[in-house]
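Structure, as structure tokens:
Atoms within each ligand, like the ligands themselves, are counted from 1 in listed order. We number each residue from 1, following the sequence as shown.
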Amino acid sequence: MSTIAFIGLGNMGGPMAANLVKAGHRVVGVDVTEAAIAHHVEAGGERAASIADAVAGADVVVTMLPSGREVSALYLGPSGIIAKAKAGALLIDSSTIDVDTARAVAKAAADKGFAMLDGPVSGGVGGAAGGTLTFMCGGEDDTFARAKPLLEAMGKTIVHAGGPGNGQAAKICNNMILGITMIATSEAFVLAEKLGLDAQKLFDIASKSSGQSWSLTTYCPVPGPVPTSPANRDYQPGFTAAMMLKDLKLAQDAARSANAVTPLGAEATSLYGLFAAQGGSATDFSGIVRFLRGK
Ligand code: NAD
């Protein structure tokens with residue numbers, strides 16, 4: 001059993017912290033929202049007066065925050081995690097953030113002698129509640145080995161993607177593929193409609209042909225062919241278009257920083273930006289088919 005400081009008890013962090021409690025750990029939670037802390041205490045967690053108090057006695061610190069801005073501020077600030085954590089504590093950031101910030105924070109942690117892992121997740125709120133998340137991890141081999149048993153209390157698939165920042169790199173590369181293939185799949189269904197080709201027929205053929213992808217076979221953007229896809233429930237999320245836009249923007253930031261050519265990633269970012277601006281933010285990202293269809 002470890003004492004874990006868990007910072008960021010939101011839609012994802014709340015159920016992740018609850019799974020750590022269920023696994024027998026002492027979990028001291030911090031959030032800026034009282035409701036999130038109250039929920040954590042109901043689930044068997046403890047509260048702390050401040051980040052400094054939470055991390056001072058913790059063997060492990062886990063953060064699940066909105067963006068790189070909060071991660072930078074909370075790790076690097078004068079009363080932040082790196083300044084106040086117990087010597088030898090393991091630091092894990094599971095937020096989805098930009099690769100450069102992840103690497104800068106990992107370096108600042110290493111400079112003070114802390115082992116740090118970036119471990120962003122996929123699997124959404126359902127995966128967080130069910131303990132079935134996928135963790136994509138960046139950090140040294142021994143840091144990954146140390147973190148893995150703990151991550152297994154929150155996830156089912158725990159992958160080591162390489163050194164610091166590589167967890168974030170894996171996450172944004174994967175989601176760039178996802179955003180692009182969802183647009184490609186949606187465009188094909190809209191074209192099929194205009195050509196008088198039945199959606200089910202296109203699905204039956206493409207899912208057994210070279211047009212096959214996860215966006216088609218697991219998350220089909222039109223109602224019918226895949227009964228569990230959000231298209232069958234009026235595009236209730238799932239994974240919102242706002243979250244897809246966030247991850248596509250992170251991929252574009254990384255591409256600029258690394259001098260990589262990603263024209264389809266750029267186009268997908270622009271299309272999801274337009275979809276979000278026209279009211280699609282809170283709908284599932286597969287709802288982009290409606291935007292492409294014009295209704
Ligand atoms: P959320 O907004 O529900 O949770 C973030 C929590 O952090 C909130 O409770 C907020 O109050 C807290 N917070 C913000 N600033 C803080 C501070 N300074 N100190 C303490 N707490 C602070 O977001 P979420 O949906 O839980 O997502 C968290 C991260 O996980 C994001 O980086 C997101 O991109 C990523 N993610 C989300 C999903 C999803 O489906 N929701 C899936 C995969 C990854």
### Query
Short check: is a protein heavy atom less than 4.0 Å from atom 2 (O) of ligand 1?
no
### Message
In the structure I gave you, are the side-chain heavy atoms of Gln168 and Thr101 within less than 4.5 Å of one another anywhere?
### Response
no
### Where ligand 1 meets Ser95 - atom numbers and elements under 4.0 angstrom, heavy-atom basis
32 (O)
### Message
Looking only at protein heavy atoms, which one is nearest to atom 28 (C) of ligand 1, and what is the separation?
### Response
Leu65 O, 3.9 Å
### Task
Measure the distance from atom 4 (O) of ligand 1 to every protein heavy atom, then report the residue, atom name and distance (to 0.1 Å) of the closest one.
Gly10 CA, 3.3 Å
### Message
Any nitrogen or oxygen of Pro66, side chain or backbone, less than 3.5 Å from one on ligand 1?
### Response
yes
### Message
Closer than 4.0 Å to some heavy atom of Gly8 - which atoms of ligand 1 meet that?
### Response
7 (O)
### Message
Within the 3.5 Å criterion, strictly below it, is a donor on Glu267 or Ser270 matched to an acceptor on the partner's side chain?
### Response
no
### Message
Taking the basic N atoms (NZ, or NE/NH1/NH2) and the acidic carboxylate oxygens, is any pair closer than 4.0 Å for Arg146 and Asp142?
### Response
no
### Heavy-atom pair of closest approach, residues Thr217 and Val226
O-CG2, 3.3 Å
#### Entry: Distance flag for atom 23 (O) of ligand 1, protein heavy atom under 4.0 Å
no
### Message
Taking Asp53 first and then Arg47, would you say they form a salt bridge - that is, a charged N and a carboxylate O separated by under 4.0 Å?
### Response
no
### Task
With heavy atoms of Lys246 as the reference, note each atom of ligand 1 found under 4.0 Å away.
31 (C), 32 (O), 33 (C), 34 (O)
### Task
Considering heavy atoms of the protein only, find what lies nearest to atom 17 (C) of ligand 1 and give residue, atom and distance to 0.1 Å.
Val32 CG1, 3.7 Å
### Message
Below 30° counts as parallel, above 60° as perpendicular, anything between as tilted: where do the rings of Phe144 and His160 land?
### Response
parallel
#### Entry: Donor + acceptor pair across side chains of Thr185, Ser215 (<3.5 Å)
no
### Heavy-atom gap Ser122 to ligand 1 smaller than 4.0 Å
no
### Message
Using a 4.0 Å cut-off to any heavy atom of Thr33, which atoms of ligand 1 qualify?
### Response
11 (O)
### Query
Using heavy atoms and a threshold below 4.0 Å, how should the contact between Leu74 and ligand 1 be classified: side chain, backbone, both, or neither?
side chain
### Message
Contact between Leu248 and Met176 at the side-chain level, heavy atoms closer than 4.5 Å - yes or no?
### Response
yes
### Query
Trp214 vs Tyr219 aromatic rings, parallel, tilted or perpendicular, using cut-offs 30° and 60°?
parallel
### Message
Give me the nearest non-hydrogen protein atom to atom 36 (N) of ligand 1 as residue plus atom name, then the distance to 0.1 Å.
### Response
Thr96 OG1, 4.1 Å
### Query
Is the closest basic N to carboxylate O distance between Arg103 and Asp100 below 4.0 Å?
no
### Message
Can you confirm, on distance only, whether ligand 1 has an N/O atom lying under 3.5 Å from any N/O atom belonging to Glu70?
### Response
no
### Task
Provide, to 0.1 Å, the distance between atom 12 (C) of ligand 1 and the closest protein heavy atom, together with that atom's residue and name.
Asp31 OD2, 3.3 Å
### Query
In the protein, which heavy atom is nearest to atom 30 (O) of ligand 1, and how far is it?
Met64 CE, 3.1 Å
### Task
Could you pull out the closest heavy-atom pair between Ile97 and Val71, with the gap in Å?
CG2-CG2, 3.8 Å
### Query
Should you measure from each heavy atom of Met243, which atoms of ligand 1 turn up under 4.0 Å away?
25 (O), 37 (C), 38 (C), 39 (C), 41 (N)
### Message
Is it the case that ligand 1 has an N or O less than 3.5 angstrom from some N or O of Met12?
### Response
yes
### Task
Classify the contact between Lys171 and ligand 1 as side chain, backbone, both or neither, using a heavy-atom distance cut-off of under 4.0 Å.
side chain
### Query
Short question: side chain of Lys171, backbone of Val121 - any donor-acceptor pair under 3.5 Å?
yes
### Message
Judged on heavy-atom distance to atom 40 (O) of ligand 1, which of Ala128, Gly124, Ser67 sits nearest?
### Response
Gly124
